[in-house]
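Structure record follows, encoded as structure tokens.
So that the names make sense, note that chain A is the first sequence line, chain B the second, and so on, each numbered from 1.
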Amino acid sequence: MELKPTKTLSGFIELLPLQQRCFDECAARMQRVLKTAGFSHLDLPAIERAEVLTDKDNWDEIETQMFLFQKGDTKMGLRYDGTVGLSRYVAGHMNDLVFPFRAYQFARNYRGERPQRGRYREFYQMDLDIMGIDSLSENYDAEIVATLAAAYDSVAEFIGPVNVRIGNRRFWNAMFEYLNLTSEQCRSAFVLIDKKDKMDDFYDGLVETVGENAAVEINKVFSSGYRSFVGVSDALDSAIREMDEFMVLLDSMGIKNAQIDLGIMRGHAYYTGIVFEFFLDNFPELGAIGGGGRYEDLASKFSKTKIIGVGAAVGFSRLMVALMDENKIDLTPFMRPVRAAVLAMGAGQVPYAMRVVAALRANGITVVPYLDANKKFKNQIEFADKINADYSIIIGENERISEILAVKDMTAGTQQNLNLEQTINLLKTA
RNA sequence: GCGGAUGUAGCUCAGCUGGUUAGAGCGUUGGUUUGUGGUACCAAAUGUCGCCGGUUCGAAUCCGGUCAUCCGCCCCA
């Protein structure tokens with residue numbers, strides 16, 4: 001009989017238990033930080049109506065980017081990020097939410113594109129957003145950045161320190177207005193600046209699209225700094241002041257590892273103000289490990305009410321999987337998940353062994369019993385060794401009759417006879 | 001959609017100037033006297049050498065096609 005394949009589909013991830021424990025611990029810690037900052041957890045459907053996911057009508061084109069399918073007359077698809085569902089949710093439950101509304105998601109998302117390094121077809125993304133109706137102070141932009149920084153900080157012992165670079169769409173809009181660029185030129189300039197770090201002919205490209213004079217000015221932002229544009233126009237002054245105030249606020253929230261970098265654009269998405277990206281100090285070549293920004297109208301597709309927001313997304317799978325693949329995470333804290341293995345030697349010992357197991361578990365001790373009681377002792381202790389149990393609790397006929405336990409320290413190799421209470425005390429103390 | 005690389009045991013790979021029964025390490029299972037693991041030794045099981053076709057007396061090995069995977073480009077809502 002032909003066997004079916006055991007490999008996952010291309011672009012899908014599965015972890016071994018050791019890695020999964022690290023993944024889960026980091027996810028839990030980061031979510032704990034967000035909850036402490038008052039963000040509500042949203043657990044939205046993975047499947048949305050196709051019309052919610054896309055405005056395009058050309059299915060052939062969309063299908064290469066998304067997972068879409070049809071049941072009866074209903075076209076639907078898997079969500080590709082957290083924002084679409086969030087927009088729909090907020091617009092649909094506006095009466096029941098309190099604004100400014102803060103929410104986070106930690107969810108799997110799906111993309112149909114061809115997988116590449118760090119780009120998967122199924123991945124976890126952590127989204128956090130603060131939304132207001134009609135208006136929302138820029139102070140929340142700083143809070144989002146500070147909260148995300150705190151979330152990364154909670155897992156710093158695994159991923160190392162991070163830094164955040166902050167850009168500003170409003171600055172560029174003011175700049176392009178000052179330079180009298182056409183909307184076509186603006187769009188090209190946006191793309192060029194976004195890709196600046198990847199290009200070695202950035203300046204030539206600029207000259208080609210916006211002309212030499214404008215190119216000189218734009219380049220000056222990177223060579224001489226944005227402050228050289230103070231006093232050039234009211235709009236530029238306002239944008240520069242906004243950035244300065246933003247940095248002061250970040251500093252007051254304890255964020256020291258932030259800097260202005262006007263090359264940060266976040267693609268050509270819906271952002272309208274501050275944008276930002278986080279990077280790892282120790283692994284900058286991984287690229288942005290999270291980012292976000294301010295958008296002026298989150299839910300215009302769903303509601304006539306103007307919902308303003310500031311949000312961020314963390315590519316959690318990419319971050320963790322890339323680091324683990326490169327052996328950049330020390331996994332030793334996750335190598336010993338089991339405190340004790342309980343070995344029952346002979347079927348007659350199983351009831352007594354299970355009473356011991358229950359008593360230990362009731363005291364919060366992680367215990368795994370080996371219940372193939374007729375297996376040779378060698379196999380049993382080998383099992384205890386392989387799961388890296390700190391202790392083996394050996395229960396044979398002698399132990400059962402005299403109601404004691406042979407407790408073996410698997411690292412030291414020493415063994416002592418203890419009663420149940422003594423065993424609990426030994427295993428509870430780290 | 002375009003380009004590069006790779007497909008041999010459960011895993012990582014060797015073999016590839018064509019020549020009988022296809023190799024290693026790891027892993028798995030059993031054993032080295034039956035209540036003591038991590039080390040060592042012995043043994044066993046598992047492959048249509050990705051698929052189709054061509055050249056040849058003979059193909060894992062050479063050629064063509066195809067599919068899959070990985071990497072990069074495009075795209076990234």
Specify the separation, in whole Å, of atom [atom1] of [X] and atom [atom2] of [N].
X	N	atom1	atom2	result
A:R111	B:rA77	CZ	C1'	8 Å
A:N417	B:rU36	CG	C1'	13 Å
A:F12	B:rU69	CZ	C1'	15 Å
A:Y270	B:rA77	OH	C1'	9 Å
A:L86	B:rA77	CG	C1'	16 Å
A:E113	B:rC74	CD	C1'	11 Å
A:F123	B:rA77	CZ	P	12 Å
A:E397	B:rU36	CD	C1'	18 Å

| Taking only residues two or more places apart in sequence, or in another chain, which ones meet A:Y124 in a ring-ring contact (aromatic ring centres under 6.0 Å, His included)? |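 With neighbours one apart ignored, the set is A:F23, A:F106.
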Return the nearest nucleotide to the side chain of [X]; candidates are [options].
X	options	value
A:Q116	B:rA77, B:rG35, B:rG72	B:rG72
A:K386	B:rC11, B:rU36, B:rU28	B:rU28
A:Q415	B:rU36, B:rG72, B:rC11	B:rU36
A:N379	B:rA77, B:rG30, B:rC73	B:rG30
A:R119	B:rC75, B:rC74, B:rA77	B:rC75

| field | 5'-to-3' dot-bracket of RNA chain B (Watson-Crick, G-U; under 3.5 angstrom; crossing pairs as [ ]; | other strand) | value | (((((((..((((.....[...)))).(((((.......))))).....(((((..]....))))))))))))....
Between [Y] and [X], do the side chains contain a donor N or O and an acceptor N or O under 3.5 Å apart?
X	Y	result
A:E143	A:N139	no
A:Y295	A:D129	yes
A:N163	A:D281	yes

| With under 30° as parallel and over 60° as perpendicular, where do the rings of A:H93 and A:Y89 fit, or are they tilted in between? |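 Judged by the thresholds at 30° and 60°, the geometry between A:H93 and A:Y89 is tilted.
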| request: Return the orientation label for the A:F12 and A:Y110 ring planes: parallel under 30°, perpendicular over 60°, tilted otherwise. | output: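 Tilted: the ring planes of A:F12 and A:Y110 meet at 30° to 60°.
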Taking atom [atom1] in both [N] and [M], compute the distance separating them and give it to the nearest angstrom.
N	M	atom1	result
B:rA5	B:rA9	C1'	24 Å
B:rA59	B:rC76	C1'	45 Å
B:rC26	B:rG38	P	15 Å
B:rA14	B:rU6	P	11 Å
B:rU46	B:rU29	C1'	11 Å
B:rA77	B:rG4	P	29 Å
B:rG10	B:rC75	C1'	37 Å
B:rC57	B:rC49	P	23 Å

| message | What's A:D81 touching, base or sugar-phosphate or nothing? Going by heavy atoms closer than 4.0 Å. | response |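 Here A:D81 touches no strand at all.
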| said: Applying a 4.0 Å non-hydrogen cut-off, can you work out what A:I394 is touching in the nucleic acid: base, sugar-phosphate, or nothing? | reply: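 Contact class for A:I394: base.
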Mark yes or no for whether [X], through its side chain, and [Y], through its backbone, hold a donor-acceptor pair below 3.5 Å.
X	Y	result
A:S188	A:E184	yes
A:T54	A:A50	no
A:R79	A:P45	yes

| message | Check this one for me: any side-chain N or O of A:K376 less than 4.0 Å away from OP1 or OP2 of B:rG31? | response |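 Indeed, a polar side-chain atom of A:K376 lies that close.
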| N or O in side chain of A:S10 less than 4.0 angstrom from B:rC70 OP1/OP2 |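 For B:rC70, OP1 or OP2 has a side-chain N or O of A:S10 closer than 4.0 Å.
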| said: Return whichever of A:K195 or A:R121 has its heavy-atom-nearest nucleotide of RNA chain B closer to the 5' end. | reply: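 By nearest-heavy-atom nucleotide position, the 5'-most residue is A:R121.
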| message | Heavy-atom nearest nucleotide on RNA chain B for A:L9 versus A:L53: which residue maps closer to 5'? | response |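 Here A:L9 is the residue nearer the 5' end.
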| Check: A:L323 and A:L280 side chains under 4.5 Å, non-hydrogen atoms |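 A:L280 vs A:L323: side chains touch.
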| message | In the structure I gave you, are the side-chain heavy atoms of A:E138 and A:E242 within less than 4.5 Å of one another anywhere? | response |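 A side-chain contact under 4.5 Å exists here.
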List, with names and distances, any nitrogen or oxygen atoms from the protein found under 3.5 Å away from nitrogen or oxygen atoms belonging to nucleotides 1-9 of chain B.
none

Using a 3.5 Å cut-off and no angle test, enumerate the donor-acceptor pairs between side-chain atoms of residues 149-160 of chain A and protein atoms at least two apart in sequence or in another chain.
from, atom 1, to, atom 2, distance (Å)
A:Y152, OH, A:I289, O, 2.9
A:S154, OG, A:A151, O, 2.6
A:E157, OE2, A:R29, NH1, 2.7
A:E157, OE2, A:R29, NH2, 3.3

Give each protein N/O atom lying under 3.5 Å from an N/O atom of nucleotides 38-47 of chain B, with the pair distance.
from, atom 1, to, atom 2, distance (Å)
B:rG38, O4', A:D385, OD2, 3.1

Would you list the atom pairs, donor with acceptor, under 3.5 Å between side chains in residues 325-335 of chain A and any protein atom, with sequence neighbours excluded?
from, atom 1, to, atom 2, distance (Å)
A:D330, OD1, A:T332, N, 3.1
A:D330, OD1, A:T332, OG1, 2.8
A:D330, OD2, A:T332, OG1, 3.1

| field | Side-chain-base donor-acceptor pair under 3.5 Å for A:E399 and B:rG35 | value |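 Indeed, a donor on one side and an acceptor on the other fall under 3.5 Å apart.
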| request: Establish whether the base of B:rU36 is bridged to the side chain of A:Q380 by a donor-acceptor pair shorter than 3.5 Å. | output: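 Not at all, since no donor on one side and acceptor on the other fall under 3.5 Å apart.
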| said: Could you go through A:F316 and A:F123, starting from their C-alpha distance and side-chain angles, then the distance that decides it, and tell me whether this counts as side-chain contact (heavy atoms from CB on, under 4.5 Å)? | reply: CA-CA 8 Å; A:F316 193 79; A:F123 54 93; over 6 Å; no
